[in-house]
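Okay, structure first, notes after.
Because the structure is predicted, anything quoted here is derived from the model rather than measured. For the numbers below, each heavy atom of this structure counts, side chains included, while hydrogens, waters and symmetry mates do not.
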2 protein chains.
Amino acid sequence: MERILDFLLLIDRFKTIERKGYIADGSRRETDAEHTWHMGLFALLLHKELGFEVDLGHTLTLILVHDLVEIHAGDTYAYDDAGLIGQAEREIAAAERLFADLPADLGANLHAWWREFEAGETTEARFAKAIDRMQGFAQNYNSKGLAWRENGIARERTRQRTDFPIAVDPALKSVIETLYRRADEERLWPE
Amino acid sequence: MERILDFLLLIDRFKTIERKGYIADGSRRETDAEHTWHMGLFALLLHKELGFEVDLGHTLTLILVHDLVEIHAGDTYAYDDAGLIGQAEREIAAAERLFADLPADLGANLHAWWREFEAGETTEARFAKAIDRMQGFAQNYNSKGLAWRENGIARERTRQRTDFPIAVDPALKSVIETLYRRADEERLWPE
């Protein structure tokens, strides 16, 4: 129990890992903990709208675990092509280190769930991964395109992140299309 | 779908609602979103240690919903006796307002889950409520007792928050006892 407690105390650091996107009022960047929390609510509110069945508990498990390795590896911006080189290796090493802090059985479970999310092959991993992309995209819309303009991310380039949720399910596609329509109307894209 | 999306965009405000406790490095207060995220990991890592069975998906659902009403009602400090007067009424009104923003069936579900958590009678609600108290207590320990000293919260007074998780399960009791022992050794309590 002490090792579990120590792990729960350690992961407080997740609250200080910043992503490139902003919270809605634009006052500061969003943290990994906030991103993960928000993804949990996307899953809860959208899972019954899908054209397929998902296990909500398993989806939420994958969401809770999916970015924890960034405690050691840091966040890599999705549009930073240089940063993306070596990201997989950094995160694999970070996972080895992080999950070794847990009792062996629990550590092995978290490690397997992280790999399942990364592979994106099971139904729940596809849904969780689609939400990861959707939440980031929605967050950029919700903060009035601040990170898009700051980083010169043109509308077409965001398709790198939105093609996946669009392919996963029609309900998710409709959410993404609504966000594009609103971003167009509000002229949130960089010149 | 647009109403669900609007709700998901609205609840971004949860990231700006501050609790009295601090993040571990003491640099700022913890937010509701971070508290809820952290509770999710407490549930994931502790649910198999309990002496009873819980449905993890349902526990995580209750956790995701439990504090959302604070978007309209604000956070009430657990040791603020004056603030606690009227808290229930404020939160009931906030729940009516908040969940009405969702499609009727989904809003009714969230409203019911919020009531289930508040009542604390089902197995999952008892576990989720125990985690709510434990995470707050652990967070105060993890930030070196800063909020305890700032607000003059003596060791005995924290029993108001820890008696519940201690009563729920022996594994949770052992976590709480470890935290008290460490807080004593590190002399984190106010004079």
Side-chain angles (χ1 to χ4, degrees), chain A residues 1-2 4-16 23-25 27-28 30-38 40-46 48-49 55-61 63-65 68 102-103 105-106 109-110 113 134-135 138-139 141-143 171-172 174-175 178-179 182, chain B residues 1-2 4-16 23-25 27-28 30-38 40-46 48-49 55-61 63-65 68 102-103 105-106 109-110 113 134-135 138-139 141-143 171-172 174-175 178-179 182:
Chain A
M1 289 304 293
E2 291 225 20
I4 297 177
L5 173 60
D6 285 331
F7 187 87
L8 287 168
L9 298 174
L10 166 78
I11 61 173
D12 180 272
R13 288 191 212 163
F14 210 55
K15 300 169 191 167
T16 64
I23 63 170
D25 67 11
S27 61
R28 61 170 177 79
E30 183 180 50
T31 68
D32 269 355
E34 294 168 330
H35 160 68
T36 303
W37 162 79
H38 214 160
L41 276 145
F42 273 68
L44 180 62
L45 297 184
L46 294 172
K48 291 286 189 195
E49 313 299 322
D55 180 313
L56 178 65
H58 191 55
T59 304
L60 293 172
T61 296
I63 286 172
L64 283 169
V65 173
L68 282 182
L102 281 168
D105 54 342
L106 207 45
N109 283 342
L110 265 74
W113 291 323
M134 282 177 72
Q135 191 276 340
Q139 195 62 34
Y141 164 74
N142 210 13
S143 51
L172 306 188
S174 89
V175 171
T178 300
L179 289 166
R182 293 189 188 180
Chain B
M1 288 304 294
E2 291 225 20
I4 297 177
L5 173 60
D6 285 331
F7 188 87
L8 287 169
L9 297 174
L10 166 77
I11 60 174
D12 181 272
R13 288 191 212 161
F14 210 55
K15 300 169 191 167
T16 64
I23 63 170
D25 68 10
S27 61
R28 61 169 177 79
E30 183 179 48
T31 68
D32 269 355
E34 293 168 330
H35 160 68
T36 303
W37 162 78
H38 214 161
L41 276 146
F42 272 69
L44 180 62
L45 297 184
L46 294 172
K48 291 285 189 195
E49 313 299 322
D55 179 312
L56 178 64
H58 192 56
T59 303
L60 293 172
T61 295
I63 286 173
L64 283 169
V65 173
L68 283 182
L102 282 167
D105 54 342
L106 208 45
N109 283 341
L110 264 73
W113 291 324
M134 282 176 71
Q135 190 276 342
Q139 196 62 34
Y141 163 74
N142 210 14
S143 51
L172 306 187
S174 89
V175 172
T178 300
L179 289 165
R182 293 189 188 178

Okay, B:Thr31 and chain A: the region with an atom under 4.5 Å from a heavy atom over there is side chain

Per-residue tally against chain B (heavy atom, under 4.5 Å) across A:Ile4, A:Leu41, A:Val65 peaks at A:Leu41

Max heavy-atom pairs within cutoff under 4.5 Å with chain A, candidates B:Pro103, B:Ser27, B:Ala43, B:Ala33, goes to B:Ala33

Original post:
Is there a side-chain contact between B:Leu110 and A:Leu45, using heavy atoms and a 4.5 Å cut-off?
Top reply: yes

Original post:
Should A:Phe14 and A:Thr36 count as side-chain neighbours, where that means a heavy-atom distance under 4.5 Å?
Top reply: yes

Applying a strict 4.5 Å limit to non-hydrogen atoms, the region of B:Glu34 in contact with chain A is both

**Prompt:** Would you say B:Leu172 and B:Phe42 make side-chain contact, with heavy atoms under 4.5 Å?
**Reply:** no

The interface call for A:Ser143 against chain B, heavy-atom contacts under 4.5 Å, is neither

Okay, A:Leu64 and chain B: the region with an atom under 4.5 Å from a heavy atom over there is both

Check: Salt bridge between B:Asp6 and A:Arg182, side-chain N to carboxylate O under 4.0 Å?
Finding: yes

Applying a strict 4.5 Å limit to non-hydrogen atoms, the region of B:Leu9 in contact with chain A is both

So, the part of B:Arg28 with a heavy atom under 4.5 Å from chain A: the answer is side chain

Do B:His35 and B:Gln135 pair up side chain to side chain, a donor and an acceptor below 3.5 Å, judged on atom types alone?
yes

Honestly, the part of A:Ile63 sitting under 4.5 Å from a heavy atom of chain B is neither

Original post:
Counting distance only, does the side-chain N/O of A:His38 pair as donor-acceptor with the main-chain N or O of B:Leu8 below 3.5 Å?
Top reply: yes

Of the listed B:Leu56, B:Leu106, B:Asp25, the one with the largest count of heavy-atom pairs under 4.5 Å with chain A is B:Leu106

So, the part of B:Leu5 with a heavy atom under 4.5 Å from chain A: the answer is side chain

Per-residue tally against chain B (heavy atom, under 4.5 Å) across A:Thr61, A:Leu179, A:Leu60, A:Ile11 peaks at A:Ile11

Practice item. Compare all side-chain heavy atoms of B:Met134 with those of B:Leu46 and state whether any distance is below 4.5 angstrom. Key: yes

_Flag side-chain contact, heavy atom, 4.5 Å: A:Leu102 against A:Asn109_ = no

